[in-house]
Amino acid sequence: MINNIIVNVQRYLKLRCFSGDVTYNQNLKKLQVWQQSRLAETYWVMHNNKEEAAVLDFFLTDIYNGVNLEKVGKKLTNTAKVVDTIFSDLSLVDTGIEYNTLTGEIDQQLTIQLFETMGVAEISTQSYIQALQQLNTFELRHQQVDLLVKFSNMLHEVLESPTISRTLKLSKYPAKLGGLGEFYDLVMRGFDAISGLDNSEETIASIMEHERQIYINIEQSVAEPFTIYSA
């Protein structure tokens, strides 16, 4: 697991957003804002339920925005020690960082395709769909969904284990020393979000399958692929 984490951190640090390219980073931000708006619109019905809204907000803000792994990259040795001591019984870090890295790579591909290859100034639904179809990397999208489902399931496993939960709650300082402070905070916010919803595991699985179907729709050129979610 440690080797996978190191490899994925190194992949993450190669992303173009760290190159100092101001124009690229502005375009990346436009893409991220557009995608978050699309997700909010697709799952607007969840805002009618306080507990479901908390889960949705966790995905829209914490999960989608990702975790900055620059500090991890500077402390890989310490990070390995932290993972061994705090997360020894889980693959939370491994899965979370792999998801974080893959999402960064997918967004990078889309940003380049939209703004550099296609030359769009502002993203529209049509240009977004066109970019996805031209890239034809739908397998990566399905992998992204799979990782997010796996990560969510692991959060539930931790919640169901009082011993592991207690250990994590006492591990904030060592996690910070190992460069995993932001990741630790994300995990704890995830606990808060899903613990307030009795059927959170089923709700998250339903959301992820809806997302998977959206990308299948786009791949198959279905008209109006962004269907609105209904519980």
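Counting begins at 1 with the first residue of the sequence. Bear in mind the structure is a predicted one, so any value in this text is a computation, not a measurement.
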Peer 1: Treat each ILVMFWY residue as a node, draw an edge where side-chain heavy atoms are under 4.5 Å apart, and state whether V45 and L39 are in one component.
Peer 2: yes

Peer 1: Does the T137 side chain pair with the main chain of L140, one donor and one acceptor, at a distance under 3.5 Å?
Peer 2: no

Peer 1: Treating S195 as the side-chain partner and D192 as the backbone partner, does any N or O pair qualify as donor plus acceptor under 3.5 Å?
Peer 2: yes

Peer 1: Do D57 and H47 come within less than 4.5 Å of each other through their side chains, counting heavy atoms only?
Peer 2: yes

Peer 1: Taking side chain as C-beta onward, heavy atoms only, is T203 less than 4.5 Å from I194?
Peer 2: no

Peer 1: Could you tell me if the side chain of S152 sits less than 4.5 Å from the side chain of F59, heavy atoms only?
Peer 2: yes

Peer 1: Any chance the rings of F18 and Y12 have centres within less than 6.0 Å?
Peer 2: yes

Peer 1: Quick check: does any side chain N or O of N8 sit under 3.5 Å from a backbone N or O of N4, one acting as donor and the other as acceptor?
Peer 2: yes

Peer 1: Supply the atom-to-atom distance N100 CG to F151 CZ, rounded to the nearest 0.5 angstrom.
Peer 2: 9.5 Å

Peer 1: With a 4.5 Å heavy-atom cut-off, do E209 and V149 have their side chains touching?
Peer 2: no

Peer 1: Please round to the nearest 0.5 Å and tell me the distance separating atom CG of N199 and atom CD of E51.
Peer 2: 10.0 Å

Peer 1: Side chain of H156, backbone of E201: donor and acceptor closer than 3.5 Å?
Peer 2: yes

Peer 1: Should R38 and E41 count as an ion pair when the cut-off is N to O under 4.0 Å?
Peer 2: no

Peer 1: Report the distance from atom SG of C17 to atom CD of Q32, rounding to the nearest 0.5 Å.
Peer 2: 8.5 Å

Peer 1: Do any side-chain atoms of residues 107-118 form donor-acceptor pairs under 3.5 angstrom with protein atoms, and if so which ones, sequence neighbours left out?
Peer 2:
residue, atom, partner, partner atom, Å
D107, OD1, Q35, NE2, 3.2
D107, OD2, Y64, OH, 3.1
Q108, OE1, R16, N, 2.6
T111, OG1, D107, O, 2.7
Q113, NE2, Q134, OE1, 2.6
E116, OE1, R16, NH1, 3.3
E116, OE2, R16, NH1, 3.0
E116, OE2, R16, NH2, 2.9

Peer 1: Just by distance, do the side chain of D21 and the backbone of Y24 share a donor-acceptor pair under 3.5 Å?
Peer 2: yes

Peer 1: For E211 and Y43, test the side chains for any donor-to-acceptor distance below 3.5 angstrom and give the result as yes or no.
Peer 2: yes

Peer 1: Do V33 and I123 come close enough that some side-chain heavy atom pair is under 4.5 Å?
Peer 2: no

Peer 1: CD1/I218 to CD/Q130 distance, rounded to the nearest 0.5 angstrom?
Peer 2: 12.5 Å

Peer 1: In the single-linkage hydrophobic clustering (I, L, V, M, F, W, Y; side-chain heavy atoms under 4.5 Å), do I106 and L135 co-cluster?
Peer 2: no

Peer 1: If hydrophobic clusters are built by linking Ile, Leu, Val, Met, Phe, Trp and Tyr wherever their side-chain heavy atoms come under 4.5 Å apart, do M46 and I214 end up in the same one?
Peer 2: no

Peer 1: Indicate yes or no for a side-chain donor-acceptor contact from S127 to the backbone of S124 under 3.5 Å, with no hydrogens or angles considered.
Peer 2: yes

Peer 1: Which atom pairs, one a donor and one an acceptor, fall under 3.5 Å between side chains of residues 224-231 and the rest of the protein, sequence neighbours left out?
Peer 2:
residue, atom, partner, partner atom, Å
T227, OG1, H210, NE2, 3.3
Y229, OH, S206, OG, 3.0

Peer 1: Regarding R189 and E182, does a basic nitrogen lie under 4.0 Å from an acidic carboxylate oxygen?
Peer 2: no

Peer 1: Is it true that the side chains of Q213 and N217 contain a donor and an acceptor less than 3.5 Å apart?
Peer 2: yes

Peer 1: Rounded to the nearest 0.5 Å, how far does CD of E105 lie from NZ of K14?
Peer 2: 9.5 Å

Peer 1: Are the side chains of L31 and Y128 in touch, meaning some heavy atoms are under 4.5 Å apart?
Peer 2: yes

Peer 1: Are Y215 and L102 in one and the same hydrophobic cluster, where Ile, Leu, Val, Met, Phe, Trp and Tyr link if side-chain heavy atoms are under 4.5 Å apart?
Peer 2: no

Peer 1: The test is side chain to side chain donor-acceptor pair (under 3.5 Å); show your working for Q133 and S221 and say whether it passes.
Peer 2: CA-CA 8 Å; Q133 291 174 334; S221 299; 3.3 Å; yes

Peer 1: Where is the tightest heavy-atom contact between A193 and A54, given as atom of each residue plus distance?
Peer 2: CB-O, 3.8 Å

Peer 1: With the side chain counted from C-beta on, respond yes when W34 and T125 share a heavy-atom pair under 4.5 Å apart, and no when they do not.
Peer 2: yes

Peer 1: Once rounded to the nearest 0.5 Å, what's the spacing between atom CD1 of I207 and atom CZ of R212?
Peer 2: 13.5 Å

Peer 1: Starting from L132, can I reach L28 by hopping between I/L/V/M/F/W/Y residues whose side chains sit under 4.5 Å apart?
Peer 2: no

Peer 1: With a 4.5 Å cut-off on side-chain heavy atoms, are Q144 and L148 touching?
Peer 2: no

